Each structure stands twice: as C-alpha cells, then as structure tokens.
A.B. asks: 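Below: one structure in structure tokens.
A note on names: the letters A, B, ... follow the listed sequences, proteins ahead of strands, and every chain is numbered from 1. The structure presented is a predicted model; accordingly, all values stated were derived computationally and were not measured.
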Amino acid sequence: MQPYLDFEKPIAELEGKLIELKRLASDDSGVDIAEEVTRLETKAAGLLRETYAKLTPWQKTLVARHPNRPHFTDYVRILIEDFTPLAGDRAYGEDHAIIGGLGRFHGRSVFVIGHEKGNDTKTRLKHNFGMAQPEGYRKAVRLMSLAERFRLPVITLVDTAGAYPGLASEERGVAEAIARSTEKCLTLTVPLISLIIGEGGSGGAVALATANRVFMLEHSTYSVISPEGCASILWHSSEKAQDAAAAMKMTAQDLLGLKVIDAIIPEPLGGAHREPESVVRAAGAVIENALGEFDTMTPDEIRRQRREKFLAIGRMVPPGG
Amino acid sequence: MSDKPTKGTSEGAINWITNFVRPKIKGFFNARETPENLWRKCANCGEMIFHRDLLAAQNVCPSCDHHMRIGPKERFAALFDDTYEELHAPEAPADPLKFRDERRYTERLKDARTKTGAVDAMQAAKGRIDGEDAVVVVQNFAFMGGSLGMGAGEAFVSAARLAVAQHLPLVMITASGGARMQEGILSLMQMPRTTVAVEELREAGLPYIVVLTDPTSGGVTASYAMLGDIQLAEPGAMIAFSGPRVIENTIREKLPEGFQRAEYLLAHGMIDAVVHRHKLKETLGRMIRLLMKPLPIDPAKTNGSGGIVPVKDAALMPVPPEEE
C-alpha cells in the first residue's frame with residue numbers, strides 16, 4: 001500500500017474501501033461486487049482528478065517530496081544502459097548524495113549526474129536525503145570536465161532540498177563548491193540538459209541545473225529557499241510555509257510563466273509516484289528531443305546559447321509574474 | 001538654531017520659508033540625534049568613539065580593531081585615490097512576483113530606498129585604487145541585508161561588462177545575507193547570471209578580486225563571492241553558506257570558536273588572505289599592478305635588459321630521472 005499525503009485522505013479512504021471490497025470478493029466468490037467496484041473506482045478516479053487539477057503550491061511541494069516519487073536511481077534504471085557510476089572528488093571523499101557516471105542513453109554515450117534521496121531508512125541515510133556536501137559538487141565538476149574532454153552530453157537530474165548545512169560541509173567550502181559547479185556548467189561546450197524531477201532546492205539545485213535546457217516535472221518545485229525556511233525568515237513562523245510556497249511562485253507552472261524553464265513534463269494522474277515507469281519514459285523522450293536540438297550546433301554556439309539563456313532570464317518577465 | 005531668521009526678510013518669500021521654518025526642524029532633530037550621531041558605540045568592545053575619529057579610522061574601532069559594516073559611499077571614499085565615477089545599472093523589473101509576506105515587497109523596497117538613498121543593494125564605480133584603474137562593486141548591507149535580487153544582479157553584470165569593455169580589473173566587495181527571497185526564483189537565477197559575468201572577465205584575461213566583508217552568506221557566497229581569482233576578507237568577517245543557527249539545528253552541537261569567520265576560512269584554505277581595512281587599498285593596488293602590468297614598470301631597475309628579466313635556462317629544464 002502506498003503512503004498517502006494529508007490532502008489525499010478522502011482518496012485514501014475510497015481506495016482503501018476498494019481494496020477491502022476486492023479482498024472480500026476473493027474470499028467469497030458468490031458475491032457479485034462488479035457494480036460496486038466500478039462505482040467506487042469511478043468515484044476515486046474523479047476525486048483524484050479533481051484534487052490534482054487544483055493542487056496548491058504547498059500541496060505540490062508535498063507531492064514533489066513524496067517518498068515513492070521516482071528518484072535518480074529509477075531514471076537511470078529505466079533510461080540508461082550500461083550505467084557505470086564514477087565515484088569521488090579526488091580531493092577528500094565520495095558523496096552519495098550526488099551520483100554520477102557514464103552510460104548509454106537512447107544509443108548515445110552520456111554523462112548522467114544527479115541527486116539521490118534514497119527510498120528507505122537505510123538508503124536515505126546513505127544518500128544523506130539528497131543533501132550534498134562539497135564533495136558531491138566537486139565530483140560533479142570532475143565529471144563535467146570529463147564530459148567536455150570526451151565531447152559527451154551531460155544530463156542532470158535535480159532532486160534536493162538543498163546542500164547539507166553541516167559543520168564539515170561549511171569547513172570544506174560548500175559554497176565555493178556550488179559556485180564552481182555552476183561555473184563549470186557555464187563553461188561546457190557540450191550540451192547540458194537538466195530535469196527538475198522533485199525538489200529544486202536553492203543553490204544546491206542551481207549548481208547542476210545551469211543547463212541549455214531546463215525541464216520540470218508537472219508537480220516538481222524549484223525555489224530560492226524552502227517554503228519552511230522562507231516562512232520562518234519573512235513571517236517569523238515556519239507554520240506559514242503554505243503562504244510562503246504560494247508567494248514564492250515555485251511550481252513548474254509558475255516557472256514556465258516566468259520563462260525560467262523551457263517546458264513541463266506532464267505527470268500521470270495522481271502524481272509521478274503512481275506510475276513511475278511511464279513518467280520516466282516521458283522524461284526520456286523530452287531529453288532525447290532536447291539533445292537532438294544541439295546536434296547541429298558548434299561547441300561555441302552551445303556554450304553561448306546557455307549563457308544568453310540565463311542572461312535573458314528576468315529581462316523579459318511578463319507583467320504580473 | 002544658529003540660523004538667523006531676520007536675514008531672509010529682504011530676500012523674498014522662499015528664503016523666508018527656509019530661514020524661518022528650518023530652524024524649528026533642526027532644533028527638533030538636534031535634541032534627539034546629537035548623542036547618537038557624534039558618538040558611536042563599538043558593537044564589539046563597547047567603546048564610545050567620536051564620529052570624526054571613527055571616520056578617520058575608516059569605521060574600524062580604534063580600541064579593539066573591530067571592522068564595522070560600511071556602505072558603498074564610505075567604501076568608495078576609502079579605496080579610490082580621488083574622484084570616481086558611479087555607474088548606473090539598467091533598471092530591473094520591480095516586484096515581478098507581486099510578493100507579499102507580512103508587508104508588501106514594494107513597501108520594503110521603498111523603505112530601503114528612503115533609508116539608504118540607493119536604488120538597490122549593489123553599487124558600482126570606476127576610479128583609481130592606489131594609482132590603478134579599476135571597477136569596484138560594493139554590496140550595501142544596509143539595503144535589505146545586501147540581498148541579491150534582479151537589481152543587484154544587473155548591477156554586477158553591467159559592472160563586469162564595463163570592466164571588460166575598458167580592459168579593467170573588477171573588485172567586488174561583498175556584504176549580503178544571501179538571495180532576496182521576495183524575488184523568488186528570479187533572485188536564485190542571479191547566481192548563474194552573475195557567474196556568466198565572471199566568465200566574461202576570465203575570458204578577457206582580467207583579474208576578478210573578491211573582498212569578503214561582514215557578513216557574506218547564502219546564494220551570494222555560493223556564486224560570485226567565491227569565484228574570485230584572488231579571495232580576500234576583512235578581519236572577523238562572517239562568511240558562510242548556511243548560517244550558524246541553521247547548522248546548530250542540523251547537527252545539534254555547539255560550533256567551534258571563530259567558526260565561519262575570515263580567519264577560520266583562511267586556516268581552512270578557503271581564502272588567500274585576511275586584510276585589514278587600512279591596508280586594503282594598498283593591497284588591492286599592488287595586486288592589480290602585479291596582474292595587469294607583468295613586465296617591469298621601471299626599466300632602470302632591470303639591469304639594462306630592456307624590461308625583460310632573463311630566466312636562467314636551467315630553471316626550465318626538466319629534472320633528469322634519478323638512476324636506479
């Protein structure tokens with residue numbers, strides 16, 4: 001059984017009833033429940049559609065953080081053949097919050113780099129909940145340098161609440177590591193395609209998302225600070241996170257409107273976690289298409305396009321956001 | 001109170017108003033402001049410092065050496081030899097998100113502008129530092145915590161581009177709490193945008209020197225503030241990505257003495273030097289000279305080699321492998 005979010009309670013009740021009903025029917029085959037099942041299924045699907053059609057920014061934040069949401073590892077498993085992880089920053093350590101490596105995407109060799117949050121207690125601890133330390137970003141820089149040298153495209157998958165706010169992380173210069181990673185993104189002359197698959201949290205996300213094309217999943221978020229953080233600073237209460245989420249304009253739809261991202265990848269009804277396979281394949285098609293756009297561009301043009309894209313952000317903001 | 005109301009009577013109505021009404025206002029302010037204005041208490045040691053002494057000391061406490069926060073005006077005055085030219089950045093869209101927390105963003109912005117007399121949190125100027133031409137950008141902590149938004153981002157980009165166009169080094173004096181949350185994602189986007197400008201300086205072969213001052217944190221530290229060719233910091237400056245409170249809440253332990261201070265970063269290899277404010281102008285001038293004028297400046301001092309100092313050939317030879 002999947003975990004339900006608070007606002008999904010009515011859906012959970014309906015779907016719970018359905019499961020119960022089906023179980024009863026299998027115990028006693030004499031009862032005809034087909035009609036009742038159809039009725040409940042229609043009702044549950046309707047409610048799901050209704051709920052997801054008008055998710056608030058805060059609800060989207062919760063969906064983006066859903067524990068069953070497809071993570072980096074799922075994307076790699078479904079989209080990348082011969083994935084070969086490459087570890088370490090060659091300076092201090094190996095950071096499992098950012099995974100990177102070589103692989104084959106739709107036939108072509110690529111570098112894939114991204115945050116991994118983990119999906120149970122053990123893996124969450126291993127990957128530090130997707131919150132990277134300097135080593136993660138320095139590894140990303142190292143891999144991007146390799147991509148440049150072998151002229152291979154880079155795909156980044158962003159899913160982090162932000163860089164890890166720890167003592168050691170600060171001591172070893174996490175800010176510098178993030179700055180260098182963003183800088184590396186801007187120097188690449190190979191295509192860099194980025195997908196925000198869950199949470200795009202602050203500088204820790206930018207460090208990997210300064211790309212030629214930036215896409216967001218329908219219910220993913222991308223923001224300067226977490227809604228909780230924003231609320232505690234500006235409203236002096238982390239309980240105002242819902243207001244902060246709305247005010248910051250952090251949904252994929254908001255960001256498309258502000259021309260910060262290139263396109264939105266639709267999610268299955270009820271969120272990516274309900275049909276991970278299909279959403280990952282849809283994302284694959286978008287990446288494939290985006291990579292194709294750069295096939296005819298020279299290395300210099302590829303880099304220039306990326307820089308001009310970022311310089312243009314905010315200069316053409318439509319009135320009223 | 002020293003104005004003489006009688007003097008204006010023969011000079012027409014306008015002077016009559018200024019001469020007659022102003023003394024009242026002055027009197028009102030005098031009573032309240034004098035003690036605060038003439039004497040300032042050092043936040044570090046508590047010493048009361050006479051304002052003229054403080055000004056002469058570039059806002060460094062004469063008794064404990066505490067470096068107080070200063071704005072663009074004081075900084076330009078301290079760094080430039082004489083006159084300087086202020087740059088005006090292209091205007092950025094105001095309040096694109098129509099952001100409102102407990103107050104409207106536009107109101108906060110208006111207050112900050114009234115309080116500081118500046119348009120936004122970053123100001124750039126061109127002038128001479130210790131004889132060397134340079135573009136200097138200063139972040140103003142008094143303006144909404146020096147936060148990085150579209151206005152500041154635009155100021156940085158245009159200052160860097162001016163430096164490139166005129167083949168000048170760029171000196172960045174940081175002071176910021178981080179990104180301006182009221183501009184949401186558009187403030188976050190100033191991280192890559194300013195980095196593009198840094199790349200343009202790099203490609204033009206121009207020095208980009210960063211001076212980190214108290215405090216510098218968040219998205220500012222994680223972008224242009226840490227990308228200098230040379231990284232300097234003022235003594236005692238707090239330099240961080242996440243603030244100490246956030247870290248203490250995460251790791252649930254006390255932070256070590258001096259953590260995230262300039263000297264701590266120096267000890268951990270994160271910056272090149274900690275420079276006293278009184279030495280900053282001379283240090284920057286010297287660094288700019290060394291980087292921008294690599295050949296001997298005075299041919300008389302170079303053994304008549306015409307400006308080129310010969311390098312001993314042996315120094316360039318590869319070391320022969322040791323025989324086994």
A.B. asks: Can you check side-chain contact (heavy atoms from CB on, under 4.5 Å) on B/Arg193 and A/Arg315, steps first, answer last?
C.D. replies: CA-CA 11 Å; B/Arg193 291 185 87 248; A/Arg315 282 183 177 162; 3.3 Å; yes

A.B. asks: Under 4.5 Å from any heavy atom of chain A, what part of B/Val157 do you find: side chain, backbone, both or neither?
C.D. replies: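 B/Val157 touches chain A through side-chain heavy atoms alone.
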
A.B. asks: Are A/Leu258 and B/Leu97 close enough that some pair of their side-chain heavy atoms sits under 4.5 Å apart?
C.D. replies: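 The answer is yes, as the side chains (C-beta and beyond) meet within the 4.5 Å cut-off.
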
A.B. asks: More than 12 non-hydrogen atoms from neighbouring residues, nucleotides or ligands closer than 6.0 Å to CD on A/Glu239, yes or no?
C.D. replies: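 It does not: A/Glu239 CD has 12 such atoms or fewer within range.
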
A.B. asks: Specify the closest pair of heavy atoms between A/Glu170 and B/Phe259, including all atoms of both residues, with the distance to one decimal.
C.D. replies: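 So the two residues come closest at CB-CZ, 3.7 Å.
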
A.B. asks: Check whether more than 12 heavy atoms from other residues, nucleotides or ligands sit under 6.0 Å from atom CD of A/Glu301, and answer yes or no.
C.D. replies: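 Buried by this count: over 12 neighbours within 6.0 Å.
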
A.B. asks: Output, in order, the C-alpha distance, side-chain angles, deciding distance and verdict of side-chain contact (heavy atoms from CB on, under 4.5 Å) for A/Lys249 and B/Leu186.
C.D. replies: CA-CA 10 Å; A/Lys249 307 270 195 303; B/Leu186 294 168; over 6 Å; no

A.B. asks: Counting heavy-atom pairs under 4.5 Å to chain B, which of A/Asp243, A/Leu186, A/Thr182, A/Thr210 comes out on top?
C.D. replies: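 Top count of heavy-atom pairs under 4.5 Å with chain B: A/Leu186.
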
A.B. asks: Check B/Pro93 against A/Gly314 and note the closest heavy-atom contact, atom names and distance.
C.D. replies: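 In terms of heavy atoms, the two residues are closest at CG-O, 3.2 Å.
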
A.B. asks: Would you say B/Arg113 has more than 12 foreign heavy atoms packed within less than 6.0 Å of its CZ?
C.D. replies: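 Correct, the count exceeds 12.
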
A.B. asks: Which atom pair, heavy atoms only, marks the closest approach of A/Val224 to B/Gly184?
C.D. replies: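 So the two residues come closest at CB-O, 3.5 Å.
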
A.B. asks: Give a yes or no answer on whether the side chain of B/Glu199 reaches the backbone of A/Glu183 with a donor-acceptor pair at less than 3.5 Å.
C.D. replies: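 No; judged by distance alone, with no hydrogens or angles, the pair does not exist.
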
A.B. asks: Does any backbone or side-chain atom of A/Arg172 lie under 4.5 Å from a heavy atom of chain B? Answer side chain, backbone, both or neither.
C.D. replies: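 The backbone, not the side chain.
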
A.B. asks: Can you list the steps and then say if B/Ile185 with A/Met250 is a side-chain contact (heavy atoms from CB on, under 4.5 Å)?
C.D. replies: CA-CA 7 Å; B/Ile185 191 77; A/Met250 58 190 285; over 6 Å; no

A.B. asks: Between B/Gln260 and chain A, which part of the residue has a heavy atom less than 4.5 Å away: side chain, backbone, both or neither?
C.D. replies: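 Side chain of B/Gln260 only, per the 4.5 Å heavy-atom cut-off to chain A.
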
A.B. asks: Provide the closest heavy-atom pair for B/Arg100 versus A/Ala247 in the form atom of the first, atom of the second, distance.
C.D. replies: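 Heavy atoms only, the tightest pair is O-CB, 4.2 Å.
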
A.B. asks: If you draw a 6.0 Å radius around NZ in A/Lys309, do more than 12 non-hydrogen atoms from other residues or ligands fall strictly inside?
C.D. replies: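 Yes, NZ of A/Lys309 has more than 12 neighbouring heavy atoms, counting only those of other groups under 6.0 Å.
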
A.B. asks: What part of B/Arg108 is in contact with chain A, defined as an atom under 4.5 angstrom from a non-hydrogen atom: side chain, backbone, both or neither?
C.D. replies: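 Side chain only.
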
A.B. asks: Below 4.5 Å from any heavy atom of chain A, which atoms of B/Glu183 appear? Answer side chain, backbone, both or neither.
C.D. replies: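 No part of it gets close to chain A.
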
A.B. asks: Does atom CZ (B/Arg245) have a neighbourhood of more than 12 heavy atoms from anything else shown, all under 6.0 Å?
C.D. replies: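 Result for CZ/B/Arg245: open.
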
A.B. asks: Using non-hydrogen atoms and a 4.5 Å limit, figure out which bit of B/Met270 sits close to chain A: side chain, backbone, both or neither.
C.D. replies: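 The answer is the side chain of B/Met270.
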
A.B. asks: Heavy-atom distance under 4.5 Å to chain A: side chain of B/Gln231, backbone, both or neither?
C.D. replies: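 B/Gln231 has no heavy atom closer than 4.5 Å to chain A.
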
A.B. asks: Evaluate the side-chain proximity of A/His236 to B/Glu102: yes if any heavy-atom separation is below 4.5 Å, no if none is.
C.D. replies: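 Yes - at least one pair of side-chain heavy atoms lies under 4.5 Å apart.
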
A.B. asks: Heavy-atom distances under 4.5 Å only: say whether B/Tyr264 touches chain A with side chain, backbone, both or neither.
C.D. replies: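 Contact with chain A is through the side chain of B/Tyr264 alone.
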
A.B. asks: Mind ranking B/Leu265, B/Asp95, B/Val196 by heavy-atom pairs under 4.5 Å with chain A and telling me who comes out on top?
C.D. replies: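 Sorted descending by pairs with chain A, the first entry is B/Val196.
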
A.B. asks: Atom CD in A/Glu176, atom CG in B/Leu227: separation rounded to 0.5 Å?
C.D. replies: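 Here the rounded value is 7.5 Å.
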
A.B. asks: Which residue out of A/Val174, A/Ile225, A/Leu255 racks up the most heavy-atom pairs below 4.5 Å with chain B?
C.D. replies: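 Option with the top pair count is A/Leu255.
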
A.B. asks: When rounded to the nearest 0.5 angstrom, what is the spacing between CZ in A/Phe310 and OG1 in B/Thr194?
C.D. replies: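 OG1 of B/Thr194 is found 11.5 Å from CZ of A/Phe310.
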
A.B. asks: Of all heavy-atom pairs between B/Leu188 and A/Ser223, which one has the smallest distance, and what is that distance?
C.D. replies: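 Minimum heavy-atom contact is CD2-O, 3.7 Å.
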
A.B. asks: So for B/Thr221, is it side chain, backbone, both, or neither that comes closer than 4.5 Å to the heavy atoms of chain A?
C.D. replies: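 For B/Thr221, the contact with chain A is made by backbone and side chain together.
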
A.B. asks: Of the backbone (N, CA, C, O) and the side chain (C-beta and beyond), which part of A/Ser169 lies under 4.5 Å from a heavy atom of chain B, both, or neither?
C.D. replies: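 Neither; nothing under 4.5 Å.
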
A.B. asks: Considering only heavy atoms and a distance below 4.5 Å, find which of A/Ile178, A/Leu167, A/Val206 pairs most often with chain B.
C.D. replies: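 Most pairs with chain B among the choices: A/Leu167.
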
A.B. asks: Can you confirm whether A/Met248 sits close enough to B/Phe99 that some side-chain heavy atom of one is under 4.5 Å from a side-chain heavy atom of the other?
C.D. replies: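 When only atoms from C-beta onward are counted, B/Phe99 and A/Met248 do touch, with a gap below 4.5 Å.
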
A.B. asks: Other residues, nucleotides and ligands only: do more than 12 of their heavy atoms fall within 6.0 Å of NE2 on B/His167?
C.D. replies: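 Count not over threshold, so no.
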
A.B. asks: Chain A heavy atoms under 4.5 Å from B/Arg202: which part of the residue, side chain, backbone, both or neither?
C.D. replies: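 Interface part for B/Arg202: side chain.
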
A.B. asks: Less than 4.5 Å apart, any side-chain heavy atom of A/Leu311 and any of B/Glu200?
C.D. replies: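 The answer is yes, as the side chains (C-beta and beyond) meet within the 4.5 Å cut-off.
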
